[in-house]
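Everything quoted here is computed from the prediction, not taken from an experiment.
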Amino acid sequence: AGLWAMLLPYLVGTLLLIGLPALISGVLAFTTYDALTPPVFVGFAKFRLLAADPIVTTAMSNSLVFIVLAVPLRILGALALAMLLFRPRRGAGGYRAAAYLPTVIPDVAFALIWLWIFNPLFGPVNVALGALGLPQPGWLAVAETARFPFVIMSVFQIGEGFVVLLAALRGLPREYFDAGAVDGAGRWALFRYLTLPLMLPWLALLTFRDIILSFGWTFTPSFVMTGGDPYYATMFIPLVIYEEAFDRFRFGTGSALMLVTFLLSVALIAAVYFLFRRRGYVADV
């Protein structure tokens, strides 16, 4: 009874702030609604219109490309940092804090910092490339390269995954590694045959989490830095949802897009889950 009493405020908050709005949004996805007149049920007509809309299909493609590029890099980056800063050493606490710091920077401030970093005229990236005699891309001003800064930005916000994997490394049974070292296994063999298999449930869990978060993460950078330009190269699904719902007052269309995004994220998570499950690594997730 005491446990339920403590959980009750959070359960009620989750129901009122997440569950109920999600349910209402799911219903509105099958209607035409502008917040001024009563909603009109239209069935699956919204979804057929969305499937034929080139902006929506472009935004969906951009979001999927971002997830395919960013999620593996974020997971590998968090794992590399955890492995690097796992052992106690001088200044390790400061390094760990520095690795986590970008995660707590407000999203708008973070986007503005990277807007300056990737400025094609005076940004540090192009200044450094010019000093090395290398080509200086237009980055956010050119459609061919505009997506890549978003991926690079996301890799710097891996503090939460880093902390999770650092805790997971500390929980691994040391006797396995001691036995492997006694048998003559080197660092690479210990990582490949012990560390990685033991860490895969944690990596799978972080992959599920990053897939979910990556759909929404792109909203603030695309809204602040590019507005979806150039030529819709940085138009992602959250920005389309925002414009449909709050610029054009097409709440039914925005809700339909949210429902499609939710179903797509579920499909991606299911695919990753079965990929890990076939290898027998998600029993503990």
Side-chain angles (χ1 to χ4, degrees), residues 63-107 110 113-114 148-181 183 185-218 220-221 265-285:
S63 293
L64 290 176
V65 169
F66 173 80
I67 290 172
V68 169
L69 294 177
V71 171
L73 290 175
R74 286 170 57 87
I75 299 300
L76 290 175
L79 179 60
L81 277 177
M83 294 291 296
L84 181 64
L85 301 177
F86 166 62
R87 297 187 181 278
R89 65 187 69 184
R90 185 174 182 180
Y95 297 139
R96 292 168 185 165
Y100 189 81
L101 182 61
T103 306
V104 300
I105 297 176
D107 290 343
F110 190 72
I113 290 171
W114 283 94
F148 298 115
F150 289 81
V151 176
I152 297 171
M153 289 169 57
S154 71
V155 174
F156 279 82
Q157 286 193 320
I158 55 174
E160 294 174 353
F162 160 69
V163 171
V164 170
L165 293 181
L166 189 63
L169 282 172
R170 290 186 172 183
L172 297 182
R174 305 313 305 170
E175 56 269 19
Y176 293 175
F177 296 89
D178 294 338
D183 290 339
R187 290 187 176 182
W188 171 247
L190 290 175
F191 173 77
R192 180 179 178 182
Y193 296 108
L194 287 177
T195 304
L196 191 57
L198 292 172
M199 292 285 291
L200 275 176
W202 297 88
L203 296 174
L205 184 63
L206 286 178
T207 302
F208 302 154
R209 169 189 174 274
D210 267 19
I211 290 174
I212 296 171
L213 293 181
S214 292
F215 272 108
W217 183 90
T218 54
T220 301
S265 64
V266 170
L268 289 174
I269 291 172
V272 175
Y273 174 82
F274 285 112
L275 177 64
F276 279 98
R277 185 179 181 182
R278 287 184 60 188
R279 303 179 67 88
Y281 294 128
V282 293
D284 299 326
V285 175

Just by modelled atom types, is the Q157 backbone N or O under 3.5 Å from a matching donor or acceptor in the R74 side chain?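 At least one qualifying donor-acceptor pair exists.
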S154 side chain vs V151 backbone, donor-acceptor pair below 3.5 Å:
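Between the backbone of V151 and the side chain of S154 there is a qualifying donor-acceptor contact (under 3.5 Å).
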Mark yes when over 12 heavy atoms from residues, nucleotides or ligands other than [X] sit less than 6.0 Å from its [atom1]; otherwise mark no.
{"X": "F148", "atom1": "CZ", "answer": "no"}
{"X": "R187", "atom1": "CZ", "answer": "no"}
{"X": "R89", "atom1": "CZ", "answer": "yes"}

If you measure from [atom1] on [X] to [atom2] on [Y], what distance do you get to the nearest 0.5 Å?
{"X": "T218", "Y": "M153", "atom1": "OG1", "atom2": "CE", "result": "10.0 Å"}
{"X": "I211", "Y": "L206", "atom1": "CD1", "atom2": "CG", "result": "11.0 Å"}
{"X": "L169", "Y": "M199", "atom1": "CG", "atom2": "CE", "result": "4.0 Å"}
{"X": "I158", "Y": "L76", "atom1": "CD1", "atom2": "CG", "result": "9.5 Å"}
{"X": "F177", "Y": "F191", "atom1": "CZ", "atom2": "CZ", "result": "10.0 Å"}
{"X": "L64", "Y": "S214", "atom1": "CG", "atom2": "OG", "result": "11.0 Å"}

Which pair of heavy atoms, one from [X] and one from [Y], lies closest together, and at what distance?
{"X": "L194", "Y": "Y176", "value": "CD1-O, 3.6 Å"}
{"X": "A78", "Y": "F162", "value": "CB-N, 3.8 Å"}
{"X": "A99", "Y": "L81", "value": "CB-CD1, 4.0 Å"}
{"X": "R96", "Y": "L85", "value": "NH2-O, 2.8 Å"}
{"X": "I67", "Y": "L268", "value": "CD1-CD1, 4.4 Å"}
{"X": "A82", "Y": "L165", "value": "CB-CB, 3.9 Å"}

Using a 4.5 Å cut-off on heavy atoms from C-beta on, say whether the side chain of [Y] contacts that of [X].
{"X": "F66", "Y": "F215", "result": "no"}
{"X": "F110", "Y": "F156", "result": "yes"}
{"X": "D210", "Y": "W217", "result": "no"}
{"X": "L203", "Y": "L196", "result": "yes"}

Taking the inter-plane angle between the rings of Y273 and F208 on a 0 to 90° scale, is it parallel (under 30°), tilted (30 to 60°) or perpendicular (over 60°)?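 Ring orientation of Y273 relative to F208: tilted.
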* Verdict with supporting geometry, F86 and L172, side-chain contact (heavy atoms from CB on, under 4.5 Å) -> CA-CA 12 Å; F86 166 62; L172 297 182; over 6 Å; no
Could you go through T195 and M83, starting from their C-alpha distance and side-chain angles, then the distance that decides it, and tell me whether this counts as side-chain contact (heavy atoms from CB on, under 4.5 Å)? CA-CA 10 Å; T195 304; M83 294 291 296; 3.9 Å; yes
